[in-house]
Amino acid sequence: MRTHWCGELRPAHAGQRVAVCGWVHRRRDLGGLVFLDLRDREGVVQVVCTPQQPAHAAAQQVRPEYVVRVVGEVVIRPPHTVNPKIATGEVEIRAETLEVLNPSRTPPFEVADGDDVDESVRLRYRYLDLRRERMQRNLRLRHRLAKATRDFLDREGFWEVETPHLIRATPEGARDFLVPSRLHPGKFYVLPQSPQLLKQILMVAGVERYFQLARCFRDEDLRADRQPEFTQIDVEMSFVDRDDVLSLVERLVGYLMREALGVDVPLPFPRLSYRDALLRYGTDKPDLRYGLTIDDVTEVAKAAELRLFREAEAVRCLRIPQAASASRREVEQWVTLAVEAGAPGVLHLALQPDGPKGPLAKHLTDGLLDSMRAATGAREGDLLLFVAAAGDVASAALGKIRQQVGAQRGLAREGTFAYAWVVDFPLLEWDDQEGRYVAVHHPFTAPVDEDVDLLESQPLRVRAKAYDLVLNGVEVAGGSIRIHRRELQERVFRLLGIGPEQAQERFGFLLEAFQYGAPPHGGIAFGFDRLVMVLAGEDTIRDVIAFPKTASAVDLMMGAPSEVDEAQLREVHIAVRKPAAP
RNA sequence: GGGGGCGUGGUGUAGCCAGGUUAACACACCGGCCUGUCACGCCGGAGAUCGCGGGUUCAAAUCCCGUCGCUCCCGCCA
C-alpha cells in the first residue's frame with residue numbers, strides 16, 4: 001500500500017515514484033494549486049496537487065484527519081520554497097492520484113497544532129490525542145526504553161518471567177483490587193500490587209536472575225505520578241549484595257540514557273544516606289540538579305542571645321545565594337511554605353553589603369555572625385533562612401523552600417538528569433495509628449549486618465539494606481537485599497507484631513519455600529511510568545501512558561468503571577450493596 | 001475523607017471582583033475568490049439556554065447555597 005513513510009523522504013529520494021499513506025495534517029487550497037501536509041507516524045511531508053493531475057479534484061474534497069493514499073513523484077523543492085521547519089522540507093510529492101481511504105468527522109480539537117486542550121477532552125478522544133506529535137514522541141520513547149531494558153538485561157543473563165495477575169491477597173501495603181471467583185463462591189483473587197513475593201520465590205526456584213516489565217495494581221487515591229495500574233521494571237538477583245544490585249542498575253540506566261536519549265550520565269551515581277538526605281535537603285528524594293543545601297547550626301545558634309535558638313531541639317539553616325535583596329513578598333511566600341510544612345516559624349537574615357538585616361540581626365554578635373558564615377559558607381549578598389524545631393521538621397520545612405527556590409530560579413533545568421542513590425534507610429518506623437512498628441520498605445528487607453544486634457534493644461536505629469534511586473527529585477526505583485534466613489525473618493516479624501500463626505497465614509507459602517534452600521538475594525523495582533515521565537520532560541505519568549485514568553480513576557474513553565449485567569453478577573456470586581443515598 | 005484551582009459556541013480564552021448592550025476575541029467549521037503555500041491570504045456565514053439544580057433581585061455568565069466533572073495537594077500509596 002505504501003512504499004515509504006511520509007517522514008522519511010529526503011532529497012535522496014528525488015525522482016522516485018512513491019506511495020505514501022497517512023492523515024491529512026493541514027490543507028492549503030490556493031485555488032488552482034492545493035497543498036496538503038500528509039502525516040504518518042514518522043513525520044509530515046508536503047504534497048502538491050496541480051490541476052493537470054486527478055489528485056487535484058480529490059484534494060478539494062479532503063479535510064483534516066481524512067485518511068488518504070497519495071501516489072506521486074518526489075521532487076526537490078524550488079529553493080525559495082524550502083521549509084526548514086520540517087525534516088522533509090527540502091522535498092515535496094507531486095501527486096498523481098489521491099485516494100481517500102476514509103473520511104473523518106471534524107475532530108473535537110486540532111490534531112495538527114500542539115495547543116493545550118482540556119485533559120478530559122483529550123482523554124475522551126484519546127485516539128486523537130495520541131495522534132499528536134508530543135504523545136507520539138512519548139509513546140516512542142517509552143517503547144525504546146522498554147526495548148533497551150530487555151536488550152540490556154538479556155545480555156546480563158536475566159530471564160523475563162511472567163507472574164500471575166490473579167493472586168492471593170496478602171495483607172499489609174496498599175488496598176487490593178478484588179476479582180471474584182466464579183468457581184469458588186465467596187472467594188476472591190486480588191491483582192498484584194507488585195510481583196514482590198513471586199520474584200523472591202523465583203530466586204528459591206533457581207532462576208537466579210529475573211526481570212519483568214510487570215503491571216501492578218493498587219486501589220489507592222491517584223496523583224499526578226500515581227495511577228491505579230502502572231508498570232514496574234522488576235528485577236531480582238541471587239548471590240548478590242547491595243553493591244552488586246546498585247552497580248547493575250547504574251549500568252542499566254547508563255545504557256537506557258544512551259540508547260533512548262543519546263545522553264551520557266556519569267557513573268557511578270552519588271550516594272546519600274537517608275539521614276543526610278533529610279538533613280541536607282529536607283526530603284528522602286532530593287533534586288540534585290542544583291545545590292542549595294541545608295546546614296545544621298544547632299550548636300552555633302546556642303551562642304545567640306535568643307531563647308528560641310538556645311532552647312531549640314535543632315536549628316537548621318538554608319542558604320540562598322544572592323537572595324539578600326529578595327522582596328518581602330517573596331520571603332513571606334517562602335515562610336508560608338515552611339509553616340505549612342510544620343515549621344513554627346522562619347527567621348531570615350539578609351547579608352546586605354551594609355551589614356546583616358532582618359529580625360535576627362540584632363541578636364547576633366560579630367563572633368556569632370562569623371561562626372554562622374563558617375557553618376553555612378554564607379557570603380555577602382546571601383539570604384539565610386532559619387527554622388528552630390525538631391530536626392526533621394526544620395529540615396523538611398526548609399526543604400520545601402529549597403524546592404520552590406529551585407523551581408523559581410530555573411535551577412532545575414529541563415533536559416538535565418541528576419541521579420542519586422539514597423541508602424541506609426531505617427528498617428522500621430513507628431506507626432501511631434496501628435500502635436506498632438511497621439517496615440519502611442517491606443517485611444522481608446534485611447537489616448544492615450552491624451545493626452542486627454540492635455534489633456531488640458534499639459529497633460528504630462537499625463538500618464536496612466534498602467536503596468532508592470532518585471532522579472530529579474522523583475523516586476524512580478527502590479529495592480533491597482532480602483532476608484533469606486528463617487531465624488532473622490522471625491525476629492523481624494516479632495518486631496512487626498506478626499506472630500508465628502499470623503506469619504504462616506499471610507506468607508506461609510513464602511516461608512515454606514524459604515525452608516528449601518533460599519539463596520541470598522535482592523533486587524529492585526523501577527516505577528517505569530515515572531522514569532519515562534521524567535525523561536520525556538512531562539509533569540504527569542498520564543502523558544506517558546496510552547490510556548490513563550482520571551484523578552477519580554475513571555477511563556473517559558471506555559467509560560470504565562461501569563455497571564454490569566445482573567447475570568454477570570449472579571455468576572460470580574456478587575450482590576451489590578450501594579452506599580445509602582444522602 | 002479533607003483543602004485549593006478551574007468549568008462561557010467544536011477548541012482555547014475575555015467578560016464575573018463592582019448584576020443591566022444583540023455575551024466579545026482567536027483558532028476550528030461552512031460558502032466564495034485565489035498557481036508556491038507551509039499557522040496561506042482575502043470576503044462572507046453559521047454556531048453558546050455561560051456544567052447542572054435551586055435561591056436573592058425589577059434584572060444573574062456575574063451574588064448566595066447545593067451538586068457534578070476535570071485538576072493539584074494532604075490523608076492514603078509495606
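Letters A, B, ... are given to chains in the order of the sequence lines, protein chains preceding strands, and every chain is numbered from 1.
- OP1 and OP2 of B/rC40 both lie 4.0 Å or more from every side-chain N or O belonging to A/Arg27.
- Following rounding to the nearest Å, A/Arg28 (CZ) and B/rA28 (P) show an atom-to-atom distance of 12 Å.
- Atom CG of A/Leu427 and atom P of B/rA78 are 16 Å apart (whole Å).
- Using a 4.0 Å cut-off, some side-chain N or O of A/Ser552 falls inside it from OP1 or OP2 of B/rC70.
- Atom-to-atom, CD of A/Glu65 to P of B/rU11 comes out at 16 Å; the value is rounded to the nearest Å.
- Straight-line distance between the P atoms of B/rC30 and B/rC70: roughly 31 Å, to the nearest whole Å.
- Atoms CD1 (A/Ile483) and C1' (B/rA78) sit 13 Å apart, rounded to a whole Å.
- Pairing for B/rG1 goes to B/rC74, judged as Watson-Crick or G-U wobble with the two contacts each under 3.5 Å.
- For B/rU37, neither phosphate oxygen OP1 nor OP2 lies less than 4.0 angstrom from any side-chain nitrogen or oxygen of A/Arg77.
- Residue contacts shown for A/Asp118 are limited to sugar-phosphate atoms, with no base heavy atom under 4.0 Å away.
- When the side-chain nitrogen and oxygen atoms of A/Arg63 are compared with OP1 and OP2 of B/rC30, one or more of them lie within a distance under 4.0 Å.
- Contact between the side-chain N/O atoms of A/Thr106 and the OP1/OP2 oxygens of B/rA28 is not found at any separation under 4.0 Å.
- Regarding contacts with the backbone of B/rC40, a side-chain N or O of A/Arg26 is found under 4.0 angstrom from either OP1 or OP2.
- In a base pair of the Watson-Crick type (N1 to N3 plus N6-O4 or O6-N4) or a G-U wobble (N1-O2 and O6-N3), with each distance short of 3.5 Å, B/rA24 is matched with B/rU13.
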